[in-house]
Undergrad: 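Below are the structure tokens for one structure; questions will follow.
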2 protein chains.
Amino acid sequence: MQDAAPYIAQRPRRADGIRNYDAILTTARKAFEAAGADASLEDIAAQSGVAIGTLYRHFPTRAALVEAATRDGLASLISHADQAAATLPPLDALRSWMSQAIQHFSTFRGLVGILTRSMYDAGTPSHAACAAMHDSGARLLRSAQATGKIRADLTPDELFDLLSGAAWVRENSHPGSDGGARFLELVLTGATTRPDGPT
Amino acid sequence: MQDAAPYIAQRPRRADGIRNYDAILTTARKAFEAAGADASLEDIAAQSGVAIGTLYRHFPTRAALVEAATRDGLASLISHADQAAATLPPLDALRSWMSQAIQHFSTFRGLVGILTRSMYDAGTPSHAACAAMHDSGARLLRSAQATGKIRADLTPDELFDLLSGAAWVRENSHPGSDGGARFLELVLTGATTRPDGPT
DNA sequence: GTGCTATCATGAGACTACCTCAGGTTATCC
DNA sequence: GGATAACCTGAGGTAGTCTCATGATAGCAC
């Protein structure tokens with residue numbers, strides 16, 4: 001759940017390297033939440049007690065650091081999908097997962113944009129995790145569609161458009177917002193079938 | 001429609017000042033569309049044939065430049081609302097205006113964010129125009145609600161959440177997107193009333 | 001413990017962009 | 001043809017990104 005160093009199996013890693021890697025990651029999470037995805041990397045290095053070069057050694061790009069900092073959240077989102085599918089009726093499972101996803105996507109300012117880009121760009125660090133999440137969301141969608149309660153013409157990509165739109169609004173809208181719950185409700189209403197046809 | 005210098009009435013302006021103001025604005029529009037709202041201001045100045053100080057003289061902040069560059073678009077959006085209200089049934093007028101709004105909000109990458117901030121922050125250059133647009137949208141919404149075809153519990157602020165979410169998705173989603181039309185359709189479906197109640 | 005070596009850390013510095021301001025220029029008015 | 005307010009300039013301070021030559025050291029073998 002916390003800071004599992006990722007390339008531990010590839011090569012023998014030195015203890016100081018692991019220590020710094022973890023320290024940078026912990027600082028980065030706080031910095032991103034405080035200042036958004038474009039927080040100063042120099043500040044993160046300084047607050048971690050390492051030089052800027054050390055940060056770049058472990059995380060060659062900002063995207064790599066963001067990916068590492070949000071990896072656990074994405075993973076738990078995927079497992080949440082499995083759990084919801086196993087314990088809730090399909091429509092409730094979808095709703096619950098979407099709510100969770102919107103919350104995670106807006107962990108800090110700028111995350112949605114990074115995740116959305118990762119979803120459709122295979123060259124980015126988060127791409128694999130995003131694709132996995134895409135699949136687990138698609139499964140929930142298909143189940144809900146199979147019950148006939150969600151309109152059949154809604155595609156997984158469109159589901160993610162709705163999700164990321166909701167997350168962006170949650171990040172950027174007026175202060176008196178309710179954290180995306182209302183947006184999700186409106187969007188889900190649009191996605192459910194109705195007696196008189198989809199439109 | 002084009003480059004009307006704004007503070008023309010306040011003081012006698014020199015011809016060279018007006019010339020530079022217009023040149024910067026023309027360059028800025030192109031630069032924003034090519035590189036997004038965070039295009040280099042130094043490049044804009046250079047391509048306009050003026051020094052960086054001249055750009056800052058006319059547009060003290062980036063927000064001021066963006067506001068000036070998008071002023072016409074916002075104004076035409078407001079007049080589109082009046083025209084739609086006068087010539088179309090309320091629901092169609094709302095739909096037409098929303099489509100137009102989504103298109104304008106996503107003129108270039110980063111615009112939605114600026115407009116959304118302006119909407120709720122009275123200290124920003126675009127605030128007045130945003131508020132005016134907010135009002136004209138709210139009027140269309142109220143008319144559509146009066147026909148009973150749009151759910152009565154939808155507030156103007158929520159309408160703008162939906163709009164800006166759609167615009168953000170149009171800006172950032174997958175390449176094979178359709179320009180927000182599908183998102184608008186889904187969202188409008190959620191906003192319309194249904195025989196079996198809103199949820 | 002000694003030595004070896006791949007791994008790791010350092011931070012100066014090149015680069016880019018933002019924004020300011022003191023000093024110089026010029027359009028405009030009378 | 002002055003006077004002057006409006007305007008322009010661009011060097012320079014600040015801040016952030018990212019690289020790389022140099023040096024340090026953890027971990028291993030003996």
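Hydrogens, waters and symmetry mates are skipped; everything else that's a heavy atom, side chains included, is used. Sequence lines set the chain letters: A, B, ... in the order given, protein chains first and strands last, and positions in each chain run from 1.
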Undergrad: Mind calculating the distance between CZ (A/Arg57) and P (C/dT10) to the nearest angstrom?
TA: 12 Å
Undergrad: If you apply the rule side-chain contact (heavy atoms from CB on, under 4.5 Å), what do you find for A/Met98 with A/Leu159, and how did you get there?
TA: CA-CA 9 Å; A/Met98 286 180 77; A/Leu159 179 72; 3.7 Å; yes
Undergrad: Classify every nucleotide of nucleotides 19-30 of chain C by which part a protein heavy atom approaches to under 4.0 Å, writing B for the base, S for the sugar-phosphate alone and - for neither, in 5'-to-3' order.
TA: BB-----BSS--
Undergrad: Pairs in or reaching into residues 78-94 of chain B: which pass salt bridge (Lys or Arg N to Asp or Glu O under 4.0 Å), with residues at least two apart or in two chains?
TA: B/Asp92-B/Arg95
Undergrad: Using atom CZ of B/Phe59 as one end and atom P of C/dC18 as the other, report the distance to the nearest whole Å.
TA: 15 Å
Undergrad: Among residues at least two apart in sequence or on other chains, which ones pass ring pair (Phe, Tyr, Trp, His ring centres under 6.0 Å) with A/Tyr56?
TA: none
Undergrad: Within the pair B/His58 and D/dC8, is there a side-chain N or O less than 4.0 Å away from OP1 or OP2?
TA: yes
Undergrad: Rounded to whole angstroms, how far apart are CD1 on B/Ile44 and P on C/dA17?
TA: 12 Å
Undergrad: So, does B/Thr54 get its side chain near the phosphate of D/dT9, meaning an N or O under 4.0 Å from OP1 or OP2?
TA: yes
Undergrad: Ring pair (Phe, Tyr, Trp, His ring centres under 6.0 Å) with A/His134: which residues, sequence neighbours excluded?
TA: A/Phe160
Undergrad: Only pairs at least two apart or in different chains count here, so list each side chain to side chain donor-acceptor pair (under 3.5 Å) that has a residue in residues 109-126 of chain A.
TA: A/Ser118-A/Thr124
Undergrad: Mind checking A/Ala45 for me? I need base, sugar-phosphate or nothing, with any heavy atom below 4.0 Å counting as a touch.
TA: nothing
Undergrad: Once you apply a heavy-atom cut-off of 4.0 Å, does B/Ser40 come out as touching a base, just sugar-phosphate, or nothing?
TA: sugar-phosphate
Undergrad: My understanding is that only residues two or more places apart in sequence, or in another chain, count here; which of them pass salt bridge (Lys or Arg N to Asp or Glu O under 4.0 Å) with B/Asp43?
TA: none
Undergrad: For A/Ile18 and D/dA26, give me the distance from atom CD1 to atom C1', rounded to whole Å.
TA: 11 Å
